[in-house]
Amino acid sequence: MAHIFIVGGAGQIARLMTPQLIAGGNRVSSLYRHDEQHDQLADLGATPVKGDLTQLSPQDMASMLTDVQTVIFAAGAGGAGEDLTNAVDGEGLEKTVAAAKEAGVKRVYLISVFPEAGRNADLGDGFENYMRVKKMADVHLVQSGLEFVIIRPGTLGDDGATGKVSAGLAVPYGTIQRADVADFIAQAVATPQIVNTIIELAPGDDPIPVAVSALASTAR
Ligand SMILES: NC(=O)c1ccc[n+]([C@@H]2O[C@H](COP(=O)([O-])OP(=O)(O)OC[C@H]3O[C@@H](n4cnc5c(N)ncnc54)[C@H](OP(=O)(O)O)[C@@H]3O)[C@@H](O)[C@H]2O)c1
């Protein structure tokens, strides 16, 4: 199967999806920053690769992506301020795309954000910047020439898996559990005919395998 490299590999969604990706027959390498995350990732079955997106050059990253077919970009500065949002969610994605192209990676999955997130909530300049940076990251990936799948989840929750989602080109906004996002992405990765598309992901009534099959059957 594929060698998958997860940028932001120690993140919450990334750690939830890692065992499922490995159970699907993939080899997973995970970029992490903090020493204590090394053994957590190894225990999940991933190969930990240490590095900070703000410090790595595209060439550094390209050398990490040798023999990698698929990158999942699950990193985010998580509201740590505009400069870090720009450096991680924005320039970090751009570096990853440059490295992926240099290393011959075929496809990049990107966790983006639902367009309605925070609408009418007056969340301030930092949030406006976050939304702008996430959108421009989507644009950058779409225009890269790489195969892409952009997933735009609604607001993330931690109440555990429901096993059900609403997924499509345009679906109503809502709060979706991280466990469902992770399950959906792992199943989408296992369904390679879903490609070159942007998927809005929200809570819903469709069992995840049904939602993924529906997207695969309408893939062009
Ligand atoms: N919160 C929401 O409601 C929401 C909604 C839609 C989409 N999203 C997006 O969903 C994505 C994943 O969510 P999540 O909950 O899994 O996020 P998370 O747990 O915060 O994971 C993000 C990961 O990015 C890593 N990271 C941050 N800065 C880095 C750097 N300089 N170099 C390398 N890695 C770095 C973090 O590393 P450390 O572990 O070292 O901190 C962390 O492991 C994010 O991109 C977020 O923007 C969030």
Side-chain angles (χ1 to χ4, degrees), residues 5-18 20-21 28-41 44 46 48-58 60-61 64-65 71-96 99 108-119 121 123 126-138 140-141 149-161 165-167 171 173-186 198-203:
F5 189 96
I6 308 180
V7 181
Q12 297 168 85
I13 293 174
R15 277 183 285 118
L16 286 166
M17 73 172 105
T18 295
Q20 200 170 334
L21 292 168
V28 172
S29 296
S30 300
L31 187 70
Y32 73 101
R33 292 191 294 176
H34 304 294
D35 286 336
E36 64 272 19
Q37 294 166 334
H38 178 283
D39 290 354
Q40 293 170 5
L41 291 169
L44 291 176
V49 180
K50 193 168 185 187
D52 186 321
L53 263 182
T54 64
Q55 308 298 321
L56 293 168
S57 69
D60 294 332
M61 288 197 78
M64 295 174 172
L65 298 179
V71 167
I72 302 175
F73 191 95
E82 291 194 15
D83 288 348
L84 274 175
T85 298
N86 298 346
V88 176
D89 304 65
E91 290 150 30
L93 181 277
E94 292 179 16
K95 274 185 208 175
T96 301
V108 175
Y109 292 79
L110 169 61
I111 305 180
S112 182
V113 64
F114 209 101
E116 276 80 11
R119 201 167 176 190
L123 294 171
F127 192 77
E128 282 302 316
N129 180 66
Y130 166 74
M131 294 298 284
R132 192 163 45 242
V133 167
K134 285 294 206 194
K135 176 62 190 292
M136 291 316 293
D138 292 357
H140 189 83
L141 177 58
V149 179
I150 294 170
I151 299 99
R152 292 177 169 168
T155 300
L156 300 172
D158 287 317
D159 289 341
V165 296
S166 172
V171 302
Y173 170 67
T175 294
I176 182 162
Q177 305 308 317
R178 282 184 172 85
D180 290 328
V181 176
D183 189 357
F184 177 86
I185 295 174
I198 298 176
I199 302 167
E200 293 186 357
L201 191 61

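Atoms considered below: every heavy atom in the structure, side chains included; atoms not considered: hydrogens, waters and symmetry mates. Indexing begins at 1, ligand by ligand and atom by atom, following the structure's order.
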Inset, instruction - Heavy-atom contacts with Thr54 under 4.0 Å: which atoms of ligand 1 show up? List them by number with element. - result: 31 (N)
Legend entry - Protein residue, atom and distance nearest to atom 15 (O) of ligand 1, heavy-atom basis: Arg178 NE, 2.6 Å
Legend entry - Test of proximity, Val88 against ligand 1: N or O pairs below 3.5 Å: no
Inset, instruction - Would you check the N or O atoms of Leu31, main chain and side chain alike, for any that come under 3.5 Å of an N or O of ligand 1? - result: no
Legend entry - Identity and separation of the nearest protein heavy atom to atom 1 (N) of ligand 1: Leu156 CD1, 3.8 Å
Inset, instruction - Identify, by atom number and element, the atoms of ligand 1 in contact range of Ile111, meaning under 4.0 Å from any of its heavy atoms. - result: 10 (O), 11 (C)
Inset, instruction - Enumerate the atoms of ligand 1 whose separation from the nearest heavy atom of His34 is less than 4.0 angstrom. - result: 40 (O)
Inset, instruction - Could you tell me whether the side chain of Lys95 and the main chain of Met61 form a donor-acceptor pair under 3.5 Å? - result: no
Legend entry - Ser112 contact mode with ligand 1 (heavy-atom cut-off under 4.0 Å): backbone
Legend entry - For Lys134, the ligand 1 atoms whose distance to one of its heavy atoms is below 4.0 Å: 45 (O), 47 (O)
Inset, instruction - Mark yes when over 12 heavy atoms from residues, nucleotides or ligands other than Asp83 sit less than 6.0 Å from its CG; otherwise mark no. - result: no
Legend entry - Sidechain-backbone polar pair: Asn129 side chain, Gly126 backbone, donor-acceptor under 3.5 Å: no
Inset, instruction - Counting heavy atoms only, name the option from Ile6, Val113, Ile13, Asp158 that's nearest to atom 16 (O) of ligand 1. - result: Ile13
Inset, instruction - Could you point out which residue of Val28, Thr96, Leu31 forms a side-chain contact (heavy atoms from CB on, under 4.5 Å) with Phe5? - result: Leu31
Legend entry - ligand 1 N/O within reach of Ala75 N/O, cut-off under 3.5 Å: yes
Legend entry - Sub-4.0 Å heavy-atom contact, Ala74 with ligand 1: yes
Legend entry - Among Gln55, Arg33, Arg15, Gln37, closest by any non-hydrogen atom to atom 39 (O) of ligand 1: Gln37
Inset, instruction - Could you go through the side-chain contact (heavy atoms from CB on, under 4.5 Å) check for Lys134 and Leu93 one step at a time? - result: CA-CA 9 Å; Lys134 285 294 206 194; Leu93 181 277; over 6 Å; no
Inset, instruction - Starting from the C-alpha separation in whole Å, work towards a yes-or-no answer on side-chain contact (heavy atoms from CB on, under 4.5 Å) for Phe184 and Ile199. - result: CA-CA 11 Å; Phe184 177 86; Ile199 302 167; 3.9 Å; yes
Inset, instruction - Go through the steps to decide whether Val113 and Lys135 satisfy the test side-chain contact (heavy atoms from CB on, under 4.5 Å), and finish with yes or no. - result: CA-CA 8 Å; Val113 64; Lys135 176 62 190 292; over 6 Å; no
Inset, instruction - Supply the atom-to-atom distance Phe73 CZ to Asp89 CG, rounded to the nearest 0.5 angstrom. - result: 6.5 Å
Legend entry - Side-chain touch Met64/Ser29, heavy atoms, less than 4.5 angstrom: no
Legend entry - Residue-ligand contact Tyr130/ligand 1, heavy atom below 4.0 Å: yes
Legend entry - For atom 32 (N) of ligand 1, the protein heavy atom that lies nearest, with its residue and separation: Leu53 N, 2.8 Å
Legend entry - Identity of the nearest option to atom 24 (O) of ligand 1, non-hydrogen atoms only, from Gly154, Pro153, Gly76, Gly11: Gly76
Inset, instruction - With heavy atoms only and a cut-off of under 4.0 Å, state how Tyr32 meets ligand 1: side chain, backbone, both or neither. - result: neither
Inset, instruction - Would you please test Ile151 and Leu110 for side-chain contact (heavy atoms from CB on, under 4.5 Å) and show each step? - result: CA-CA 6 Å; Ile151 299 99; Leu110 169 61; over 6 Å; no
Legend entry - Ligand-residue contact atoms, ligand 1 with Thr155, heavy atoms, under 4.0 Å: 3 (O)
Legend entry - Within-shell test, Ala10 vs ligand 1, heavy atom, strictly < 4.0 Å: yes
Legend entry - Backbone of Glu82 reached by a side-chain donor or acceptor of Asn86 within 3.5 Å: yes
